[in-house]
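Below, chain A is the first sequence line, B the second, and so on; all start at residue 1.
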Amino acid sequence: MSKVETVRSHQFDDTAQQHDASWTGMWVFLATEVMFFGGMFMGYILYRSDYSAAFASASNHLDVLLGSINTAVLICSSFTMALAVYSAQAGKRRALVSFLLLTMLLGVVFLGIKFSEYYFKFEEHLVPGSSFVYEERFARPAEIFFSFYFVMTGMHALHMIIGIGLLTYLVIKSLRGRFSLSYHTPVELIGLYWHFVDIVWIFLFPLLYLVGRHL
Amino acid sequence: MKAEPHISIRVYAVVFSVLIAFTLLTTGVAFIDLGGDLNTIAAITIAVCKALLVILYFMHVRYSDRLTWVFVGAGFFWLMILFTLTMSDALTRNWLVGPGSQ
């Protein structure tokens with residue numbers, strides 16, 4: 001029990017209360033993250049409703065195979081993250097470290113595929129700016145679509161990079177034996193963050209990659 | 001709501017399988033012309049189902065206390081305020097007409 005005492009901050013009655021406060025605080029933070037991404041989704045909805053034909057056309061220039069593979073990779077990483085939290089709650093340290101490393105690996109695979117897609121877009125002159133080339137009639141609104149594509153997937157990728165950093169912190173802490181059956185709150189909270197980033201992609205994938213496939 | 005391993009690995013595995021199946025479904029359906037706005041509606045519906053599965057099971061919200069539900073609901077509620085008030089304004093005016101619009 002002495003180990004439990006060392007991780008309890010003095011303002012809390014007990015570790016259960018401390019855990020509940022951390023858990024709720026994380027959800028407050030995620031609510032602000034919903035609003036952060038929500039602003040970008042709002043902009044996307046507005047411009048798509050105005051330029052639906054151009055958005056459908058521009059969407060077909062994204063690689064749907066790479067996009068769906070990345071969706072699957074991210075869902076796999078959420079699964080391994082859930083198993084990491086499960087291992088932490090069961091007090092299995094080796095399983096915890098393995099699942100954390102696996103989650104990081106899948107995160108890196110996602111970013112690798114994402115950045116290779118960016119590279120192809122540069123080659124195809126689909127990056128907004130002076131070198132942007134597109135068929136005349138949709139040129140301007142298609143540039144708007146690709147602005148949304150780069151900003152939204154870019155902010156998502158930034159969250160992934162931060163997430164991988166947080167997972168590195170968890171791996172180091174768990175290798176040092178800082179987590180136990182009674183204390184593993186950081187694993188749960190960073191797990192919530194990772195799942196949230198997965199949810200953002202769950203919406204980005206159909207809204208960016210699948211708009212005009214049926215046309 | 002204290003963290004206990006209340007969810008079995010089997011439940012996680014089922015949720016994971018359904019999420020992968022939904023990903024295949026949403027990609028497949030996108031190539032079929034359902035007519036009108038049905039393609040968009042199908043894509044959003046599947047995405048919402050996937051998000052709900054992640055929130056309820058992977059993020060343990062189904063087993064969490066009321067306070068957690070309040071914050072999850074607040075995030076969603078304010079997002080809907082943002083979307084509905086903005087679109088109710090934008091869709092009832094006639095601006096931003098240009099090439100590529102319908």
Check: residues 45-55 of chain B side-chain donor-acceptor pairs under 3.5 Å, at least two apart:
residue: B:Thr45; atom: OG1; partner: B:Ile41; partner atom: O; Å: 2.6
residue: B:Lys50; atom: NZ; partner: B:Thr23; partner atom: OG1; Å: 3.0

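- Nearest approach of A:Met42 to B:Leu82, heavy atoms of both residues: SD-O, 3.4 Å.
- Judged as a side chain to side chain donor-acceptor pair (under 3.5 Å), and not counting sequence neighbours, the contacts of A:His195 are A:Ser78.
- Taking each heavy atom of A:Arg213 and B:Ala30 in turn, the nearest pair found is CB-O, 3.3 Å.
- The two residues B:Gly75 and A:Met35 come nearest to each other via the heavy atoms O-SD, 4.2 Å.
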Show your working on side chain to side chain contact (heavy atoms under 4.5 Å, CB included) between A:Leu192 and B:Met59 and close with a plain yes or no. CA-CA 6 Å; A:Leu192 289 181; B:Met59 297 171 95; 3.7 Å; yes
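- By the side-chain contact (heavy atoms from CB on, under 4.5 Å) test, A:Met40 pairs with A:Phe36, A:Phe37, A:Val151, A:Met152, A:Met155, sequence neighbours left out.
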Does B:Val72 form a side chain to side chain contact (heavy atoms under 4.5 Å, CB included) with A:Trp27? I'd like the steps, not just the answer. CA-CA 7 Å; B:Val72 177; A:Trp27 276 104; 3.5 Å; yes
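- Looking at A:Leu83, only its side chain comes within 4.5 Å of chain B, counting heavy atoms on both sides.
- Considering only heavy-atom pairs separated by less than 4.5 Å from chain A, the leading option among B:Phe58, B:Phe76, B:Phe71 is B:Phe58.
- Of the atoms belonging to A:Ile199, it is side-chain heavy atoms, and not backbone ones, that fall under 4.5 Å from chain B.
- Highest contact tally toward chain A, considering only B:Asn39, B:Thr86, B:Leu34, is held by B:Asn39 [criterion: heavy-atom pairs under 4.5 Å].
- Counting heavy atoms of neighbouring residues, nucleotides and ligands inside a 6.0 Å radius, atom CZ of B:Phe77 does not exceed 12 of them.
- Only the side chain of B:Leu67 comes within contact range of chain A, with heavy atoms under 4.5 Å apart.
- More than 12 heavy atoms of other residues, nucleotides or ligands sit less than 6.0 Å from atom NZ of A:Lys121.
- Summarising the geometry of B:Thr26 relative to A:Phe205, their closest heavy-atom pair is CG2-CE2, 4.1 Å, with the distance given to 0.1 Å.
- Contact annotation for A:Leu215: neither backbone nor side-chain heavy atoms come within less than 4.5 Å of a heavy atom of chain B.
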Side chain to side chain contact (heavy atoms under 4.5 Å, CB included) between B:Phe83 and A:Phe41: does it pass, once the steps are laid out? CA-CA 9 Å; B:Phe83 289 170; A:Phe41 278 102; 3.9 Å; yes
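- For A:Tyr209, no part lies near chain B; criterion is any non-hydrogen pair under 4.5 Å.
- Residues from residues 57-70 of chain A that place a non-hydrogen atom less than 4.5 Å from a non-hydrogen atom of chain B comprise A:Val64, A:Ser68, given in numerical order.
- Taking the six-membered ring where the residue is Trp, B:Phe16 and A:Phe79 present parallel rings, their angle staying beneath 30° rather than reaching 60°.
- A:Val200 does not touch chain B: none of its heavy atoms, backbone or side chain, sits under 4.5 Å away.
- The CH2 atom of A:Trp23 sits 6.5 Å away from the OG1 atom of B:Thr68 when rounded to the nearest 0.5 Å.
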